[in-house]
Colleague: 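My questions will all concern the structure given below.
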Protein chains: 2
Amino acid sequence: MARYEQIAGDLRDAIVRGDYPIGGRLPSEADLAVRHSASRGTVRQAVALLAAEGLVGSRQGARRIVLGSERSQSFTELHSFAQWARSMGYRASGSVLSSRRRPCAPAEAVRLSVEPGEEVLDVRRLRRLDGEPVLVEHTVYAGWIAPAVERLDPECESVTQELYESVGLVFAYGEHLIDAVAAGAGEARLLGVRRGSPLLRQRRTTTSQEGRPVECSDDRYRAGSVTFSIRNSTAANPLGRRAGEPG
Amino acid sequence: MARYEQIAGDLRDAIVRGDYPIGGRLPSEADLAVRHSASRGTVRQAVALLAAEGLVGSRQGARRIVLGSERSQSFTELHSFAQWARSMGYRASGSVLSSRRRPCAPAEAVRLSVEPGEEVLDVRRLRRLDGEPVLVEHTVYAGWIAPAVERLDPECESVTQELYESVGLVFAYGEHLIDAVAAGAGEARLLGVRRGSPLLRQRRTTTSQEGRPVECSDDRYRAGSVTFSIRNSTAANPLGRRAGEPG
DNA sequence: AAGTGGTCTAGACCACTGC
DNA sequence: CAGTGGTCTAGACCACTTC
């Protein structure tokens with residue numbers, strides 16, 4: 001583990017422990033550098049990590065302040081459904097409703113960077129938390145990954161993990177669009193809610209480490225089953241975010 | 001403007017222009033440093049900015065890759081409703097439905113860091129995009145900012161901007177919880193939808209530059225009126241994000 | 001083996017905050 | 001005015017990717 005990650009970890013623990021209470025000030029960078037026998041640059045990397053997690057904030061000239069004590073279980077990192085469920089203490093399961101190859105639509109071709117009409121794999125899954133159905137997932141996979149997806153166990157818990165272990169594929173980057181929609185008849189039946197009742201929709205495009213689009217998905221969560229959490233700031237700058245004026 | 005912001009701007013323009021196509025590679029840091037007559041550290045700050053915007057990705061040992069060409073109009077930065085609307089080309093308006101002081105509930109006391117029972121200001125607003133109602137906003141302001149809020153024009157377009165201009169208050173940090181709920185009778189009437197139809201709910205706590213909680217809010221958007229957009233990656237590290245393994 | 005990004009250091013100057 | 005964070009430099013070494 002890198003030096004700055006250790007320092008960030010120490011600071012995070014200290015914040016959680018209450019050594020640096022919420023609303024209070026962090027030690028100066030110079031102070032932290034001496035305490036940890038590191039250069040100021042390394043200390044700045046550490047606090048930048050905490051800032052990215054939303055735990056601390058800063059303004060030029062003033063000491064850093066503590067904003068929160070919980071790492072937001074959120075969107076700074078990309079997690080699969082199974083990963084997220086596990087981290088929240090749930091047991092994830094799921095089953096494939098349908099799986100078939102078909103030519104892709106023009107819009108999908110754009111999102112997956114493939115030729116229009118090229119073959120893609122269309123998969124629908126029902127996913128559960130602690131046995132209770134919470135999510136109807138509709139995923140379109142690019143043709144090049146389709147064989148590996150078809151070899152998966154239909155009841156497989158984590159598609160992400162299985163694809164990593166079978167073909168070394170890493171889902172590295174994600175883009176997400178989140179809104180609310182009404183449940184259709186099929187979704188209502190699968191999720192055990194009334195038709196027209198609210199669902200939280202997450203449309204996603206995922207990309208490999210090399211920047212190659214892997215899948216695009218339309219996931220619909222039963223209302224009340226999940227909440228997305230985000231922390232942000234004005235004018236977010238990764239290396240030491242700065243407070244700006246409203247515009 | 002800082003040197004690294006200029007370099008980031010140049011790179012962003014080049015990506016948008018198609019000089020560096022999506023899925024392609026960026027020049028090396030050393031190359032960029034020479035071209036811009038800057039040190040490698042400054043170049044790294046620039047590309048870290050683009051990575052935070054979700055435009056580029058990186059892995060140790062390989063060239064950076066281009067992931068997208070549009071800056072995600074999203075949650076890396078904190079925007080008010082009016083700011084967001086303006087950036088999307090809409091005209092925002094709104095009106096106060098009710099405004100009254102009351103003692104705060106225990107849960108609000110925690111979120112606002114005030115004593116339980118301390119007086120807060122409870123405000124409901126209906127907000128519109130191009131004249132069409134899209135959002136019912138229910139905000140609870142901490143007592144110390146209540147007088148400034150009460151002095152605002154009830155039809156005021158941007159509360160954020162007005163509070164900055166009147167008392168210098170900056171909404172610097174935000175925490176957001178997003179889910180879907182069914183419209184109640186009142187919301188349905190105000191937004192012109194049927195009761196029970198889906199609404200996108202955003203619960204928000206906002207904090208000043210100094211780390212002092214200012215307001216907590218429960219905002220409900222008519223389905224179809226807005227979409228939240230997020231870009232992320234595995235193991236987001238602010239200074240040059242790194243691709244990790246799924247876990 | 002060469003190229004490239006990830007980490008770290010030591011020092012410098014400036015702009016802003018807080019007293 | 002002293003303290004502090006924001007920016008920038010020049011150089012170093014390592015781990016990993018690419019060819």
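Per chain, numbering begins at 1; letters A, B, ... match sequence-line order. What you see below is based on every heavy atom in this structure, not just the backbone, and it leaves out hydrogens, waters and symmetry mates.
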Colleague: Output the distance between atom OG (A:Ser37) and atom CD1 (A:Ile7), rounded to the nearest 0.5 Å.
Modeller: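 It is 9.0 Å, given to the nearest 0.5 Å.
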Colleague: Measure from the side chain of A:Ser28, starting at C-beta and using heavy atoms only, and say which of D:dT7, D:dG5, C:dT7 lies closest.
Modeller: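 Output: D:dG5.
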Colleague: Take the protein atom CD1 of B:Ile7 and the nucleotide atom P of D:dT7, then report the distance between them rounded to whole Å.
Modeller: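 B:Ile7 atom CD1 is separated from D:dT7 atom P by 13 Å.
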Colleague: Taking atom C1' of D:dT7 as reference, at what distance in whole Å does atom CG of B:Leu49 sit?
Modeller: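 Checked: the CG to C1' distance equals 14 Å.
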Colleague: Output yes when A:Arg101 and A:Asp122 qualify as a salt bridge under the 4.0 Å nitrogen-oxygen rule, no when they do not.
Modeller: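 Result for this pair is no, no salt bridge flagged.
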Colleague: Test your reading of the model: is there a side-chain donor-acceptor pair from A:Glu165 to the backbone of A:Glu162, 3.5 Å cut-off?
Modeller: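 No.
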Colleague: Just the rounded figure in Å: distance from C1' of D:dC8 to CE of B:Met1.
Modeller: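 Rounded to the whole Å, the gap is 17 Å.
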Colleague: Just to confirm, is there a sub-4.0 Å distance from OP1 or OP2 of C:dC8 to any side-chain nitrogen or oxygen of B:Arg44?
Modeller: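 B:Arg44 to C:dC8 OP1/OP2: no side-chain N or O under 4.0 Å.
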Colleague: Would you confirm whether B:Thr207, through its side chain, and B:Gly211, through its main-chain N or O, come within 3.5 Å as a donor-acceptor pair?
Modeller: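 Not a single qualifying donor-acceptor pair exists.
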Colleague: For nucleotides 9-19 of chain C, give me one character per nucleotide, 5' to 3': B if any protein heavy atom sits under 4.0 Å from the base, S if the only such contacts are to the sugar-phosphate, - if neither.
Modeller: B--B--BBSS-
Colleague: Could you check how far CD of A:Glu29 sits from P of D:dG3, rounded to whole Å?
Modeller: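 After rounding, the gap between these two atoms is 15 Å.
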Colleague: With a 6.0 Å cut-off (strictly less than), is the heavy-atom count around CD of B:Glu115, excluding the residue itself, greater than 12?
Modeller: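 Open.
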Colleague: Whether B:Tyr4 contacts D:dC8 is assessed here as follows: a side-chain N or O lying under 4.0 Å from the phosphate OP1 or OP2. Is that the case?
Modeller: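 So the side chain of B:Tyr4 is outside the cut-off, no N or O lying under 4.0 Å from OP1 or OP2 of D:dC8.
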Colleague: Taking only residues two or more places apart in sequence or in another chain, which ones pass side chain to side chain donor-acceptor pair (under 3.5 Å) with B:Ser99?
Modeller: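 So B:Ser99 forms no side chain to side chain donor-acceptor pair (under 3.5 Å) with any residue.
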